[in-house]
Amino acid sequence: LAGLGAEISHPGLLFPGVLGTLCLILFLFASQIIPVNWAGVLLVLVTLAAVLVALRRDARLLAGLAWLGAYLAPVLVSTGEDRAEGLFGYLLLLGAGAVWLDRRRPWGETTLLAALGTLVLYGAWYHSHFADGRFGVAATGLVLLAALFALGPPRGGELAATLAGCAVAAGGFGSLA
């Protein structure tokens, strides 16, 4: 609440308001006041707002912190259940957002960090929940995520974006083999 109060009394600081909002959402989730689905939706909205502000203000650091929070969100609100479809859909949404942001502001790290976050979360899901009966879900998620990062960057875009797609594909296919 202190972060939200600092943002209200000193508009434009952004960081205290974003941090206060994140802490409030996590508190509401941890106290079981809101369910995991609502916590996820609220965290997506905070990420979206932070990315849009970063885009408007040309603030790379804020965008980086927004992406960091976006990729930490599934870990913070995890219930330990196998929700692969939701996780992969969330990762596709984040990846599409990273590709969109990269087209608007070609910051070199956006797509590469998004691909790395995707690879880490996919790998964590695989390590914790993969079973032979889930091969179709795992392979479909992997193909869609790899295609997004390999084909999503603008034509003539940076080499890092293409390498990001290849890293997702190689890491994922290596784990499925």
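By convention here, the first residue in the shown sequence is residue 1.
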Q. Would a distance-only check, ignoring hydrogens and angles, find a side-chain to backbone donor-acceptor pair under 3.5 Å from S31 to I33?
A. no
(Q) Would you say that V46 contacts L42 through its side chain, given a criterion of any heavy-atom pair below 4.5 Å between the two side chains? (A) no
Q.
Angle between ring planes, W125 versus F130, binned at 30° and 60°: parallel, tilted or perpendicular?
A. perpendicular
Q) Between the side chain of Y71 and the main-chain N/O of A114, is any donor-acceptor distance below 3.5 Å? A) yes
Q) Aromatic ring centroids of W38 and F29 under 6.0 Å? A) no
Q: Work out which heavy atom in Y122 is nearest to a heavy atom in A138; give both atom names and the distance.
A: OH-O, 2.8 Å
Q | Closest approach of L121 to L91 (non-hydrogen atoms, all atoms of both residues) | A | CD1-CD2, 3.6 Å
Q. What closest approach, in Å, do L55 and R105 show between heavy atoms, and which atom pair accounts for it?
A. O-NH2, 2.8 Å
**Q.** Considering all heavy atoms, the nearest R134-A84 contact
**A.** NH2-CB, 3.3 Å
Q.
Test of understanding: with side-chain contact (heavy atoms from CB on, under 4.5 Å), list the residues that count as partners of L76, not counting sequence neighbours.
A. L26, L72
Q: Taking all heavy atoms of P74 and all of L87, pick out the closest pair and write down the distance.
A: CB-CD1, 4.1 Å
Q | Step-by-step side-chain contact (heavy atoms from CB on, under 4.5 Å) determination, V137 to F88 | A | CA-CA 9 Å; V137 173; F88 297 160; 3.9 Å; yes
Q. For the side-chain contact (heavy atoms from CB on, under 4.5 Å) test, which of L113, L62, L94 pairs with W67?
A. L94
Q: May I ask you to decide if A70's main-chain N or O and Y90's side chain share a donor-acceptor pair within less than 3.5 Å?
A: yes
Q: Go through the structure and list residues passing side-chain contact (heavy atoms from CB on, under 4.5 Å) with N37, not counting sequence neighbours.
A: R83
Q: Specify the closest pair of heavy atoms between T47 and A66, including all atoms of both residues, with the distance to one decimal.
A: CG2-O, 3.8 Å
